[in-house]
Amino acid sequence: MRISLCLACLFWVNGLWAQEYSSFLHVDQFGYLPEAEKVAVISNPQQGYNSHLSFEPSAGLQVINEAGAVVFSGVPQPWNAGAVHSQSGDQGWWFDFSAVTQPGTYYLYDPVQEEQSAAFRIDDQVYQPVLKAAGRMFYYNRCNAAKPEVHAGQWSDDMSFLHPLQDANCRYIGDPGSASLEKDLSGGWFDAGDYNKYVTFASSAVHNLLSAYEENPQAFGDDWNIPESGNGIPDLIDEVKWELDWLLKMINEDGSVPIKMGSQNHSENAASPPSQNTDPRFYGPTCS
């Protein structure tokens with residue numbers, strides 16, 4: 001919503017807003033809190049793919065609001081006395097405009113070079129959409145869950161990994177022919193890099209999410225547009241429960257826990273989207 005508003009502003013006000021974004025004036029994509037330090041980075045390519053380009057900022061850069069008024073002017077400060085940054089291959093400058101605290105939409109402008117940054121917001125809520133998007137990442141990583149368009153948008157998908165000998169009747173990797181060792185290990189999240197599900201990696205994710213909620217519960221709403229949204233429980237808690245329900249299934253009767261479940265080989269269960277995968281799935285040996 002805020003991103004759409006910012007983009008609309010580019011074409012709503014005077015012609016400056018319709019200019020192409022500069023490749024040299026870099027602002028925070030998320031925006032800035034009103035009382036926070038606000039620094040833009042100016043780059044002058046020296047090495048690498050864009051070394052054929054060149055830019056040196058003028059002495060008076062401006063911050064311009066959505067009404068087209070200059071609200072701040074200042075001088076950019078060279079980074080490290082003009083040295084070339086080894087990783088980026090660029091010379092750099094810092095432009096501090098922390099004095100601008102009024103909420104609104106702005107852009108950075110070099111009136112001599114006629115270079116304009118992307119639009120950015122100053123607002124108390126600039127990180128709220130980012131937090132929601134980060135939380136929804138776990139929803140997209142749900143295994144054995146259809147992702148209808150109403151919740152997943154362009155990344156919608158059908159039910160995944162519930163074909164025969166997959167997550168609902170998962171077999172032990174040490175004895176794949178034994179039907180008596182089948183387990184229902186459905187649920188949980190995919191790993192970040194594959195479709196497997198790891199007990200070892202669940203620990204840090206669950207603890208970090210619950211710690212974040214414990215420290216700042218008011219930051220987490222019931223409006224992440226996941227299937228549980230609107231049930232009166234913060235969606236972060238609903239999402240953690242999705243993983244915890246799976247972890248409970250992974251616990252053996254003696255309290256031991258298989259380290260993971262997933263494909264036998266990396267080349268299996270590799271198709272995209274997840275619903276296209278039909279190869280068998282297995283759970284591994286127990287692990288401390």
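Heads up: numbering here begins at 1 and tracks the sequence.
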I'd like to check Tyr109 versus Ser73 (side-chain heavy atoms, cut-off strictly below 4.5 Å). Are they in contact? no
What are the two closest heavy atoms between Cys287 and Ile259, and how far apart are they? CB-CB, 3.7 Å
Could you grab the distance from atom CZ of Arg281 to atom CZ of Arg171, nearest 0.5 Å is fine? 15.5 Å
Please list, chain by chain and in numerical order, all residues satisfying side chain to side chain donor-acceptor pair (under 3.5 Å) with Ser51, sequence neighbours excluded. none
Test the Arg142-Trp189 pair against the cation-pi criterion, namely NZ or CZ under 6.0 angstrom from the six-membered ring centroid and within 45° of the ring axis. no
Are the side chains of Gln62 and Pro111 in contact, using a 4.5 Å heavy-atom criterion? yes
Looking at Asp96 and Val39, would you say the former's side chain and the latter's main chain have a donor-acceptor pair under 3.5 Å? no
Using modelled atom types only, decide if a donor and an acceptor are shared between the side chain of Asp191 and the backbone of Asn196 within a distance under 3.5 Å. no
Yes or no on side chain to side chain donor-acceptor pair (under 3.5 Å) for Asn265 and Ser267, after CA distance, side-chain angles and deciding distance? CA-CA 5 Å; Asn265 300 298; Ser267 59; 5.1 Å; no
Please check this pair: side chain of Asn65 against backbone of Ala67, looking for a donor-acceptor N/O pair closer than 3.5 Å. yes
Check for a donor-acceptor pair, side chain of Asn144 on one end and backbone N or O of Ser160 on the other, with a separation under 3.5 Å. yes
With a 6.0 Å cut-off on ring centres, are Phe161 and Phe190 close enough? yes
Going by distance alone, is a donor N or O of one side chain under 3.5 Å from an acceptor N or O of the other, for His26 and Ser117? no
Please report the closest heavy-atom contact between Asp235 and Trp224, naming both atoms and the distance. OD2-N, 2.7 Å
May I ask you to decide if the ring planes of Tyr127 and Phe30 are parallel, tilted or perpendicular, using 30° and 60° as cut-offs? perpendicular
Using ring centroids (six-membered ring only for Trp), state whether Phe120 and Tyr107 fall under 6.0 Å. no
Chi angles and distances behind the side-chain contact (heavy atoms from CB on, under 4.5 Å) call for Thr101, Lys38: CA-CA 9 Å; Thr101 60; Lys38 306 174 189 70; 4.2 Å; yes
Return the minimal non-hydrogen interatomic distance between Ile122 and Pro34, and the atom names on each side. CG2-CA, 3.7 Å
Could you check whether any side-chain N or O of Asn80 sits under 3.5 Å from a backbone N or O of Gly82, counting only pairs where one atom can act as donor and the other as acceptor? no
Looking only at non-hydrogen atoms, find the nearest pair between Asn216 and Gln218 and report the distance. OD1-NE2, 2.6 Å
Ignoring hydrogens and angles, tell me if any N or O in the side chain of Asp167 forms a donor-acceptor pair with the backbone of Asn169 under 3.5 Å. no
Indicate yes or no: does Lys249 engage Asp245 in a salt bridge with an N to O separation below 4.0 Å. no
Can Ile64 and Tyr106 be said to form a side-chain contact (heavy atoms from CB on, under 4.5 Å), step by step? CA-CA 5 Å; Ile64 298 178; Tyr106 302 87; over 6 Å; no
Measure from NZ or CZ of Lys260 to the centre of the six-membered ring of Tyr283, then state whether that distance is under 6.0 Å and the direction lies within 45° of the axis. no
Which atoms form the tightest heavy-atom contact between Ala205 and Phe138, and what is the distance? CB-CE2, 4.5 Å
Could you list the residues that satisfy side chain to side chain donor-acceptor pair (under 3.5 Å) with Arg136, not counting sequence neighbours? Tyr140
Do the side-chain N and O atoms of Ser156 and Glu149 include a donor-acceptor pair separated by under 3.5 angstrom? no
So, do Phe55 and Glu115 sit near enough that their side-chain heavy atoms are less than 4.5 Å apart? yes
Under 3.5 Å, side chain of His151 to main-chain N/O of Lys147, donor-acceptor pair present? no
Where the side chain of Gln128 meets the backbone of Ala219, is there a donor-acceptor pair that is under 3.5 Å apart? yes
Donor-acceptor side-chain pairing of Asn141 and Tyr139 below 3.5 angstrom: no
Does any N or O in the side chain of Tyr32 come within less than 3.5 Å of the main-chain N or O of Ser98, such that one atom is a donor and the other an acceptor? no
Pair Ser88, His85: side-chain N/O donor-acceptor within cut-off below 3.5 Å: yes
Using only heavy-atom distances, determine whether the side chains of Asp222 and Ser229 contain a donor-acceptor pair under 3.5 Å. no
Do Val84 and Asp90 have side chains that approach each other closer than 4.5 Å (heavy atoms only, starting at C-beta)? no
Shortest non-hydrogen contact from Met250 to Pro258? O-CD, 2.7 Å
Between the side chains of Asn252 and Ser256, does any donor sit under 3.5 Å from an acceptor? yes
Any sub-3.5 Å donor-acceptor pair from Gln113's side-chain atoms to Glu56's backbone N or O? yes
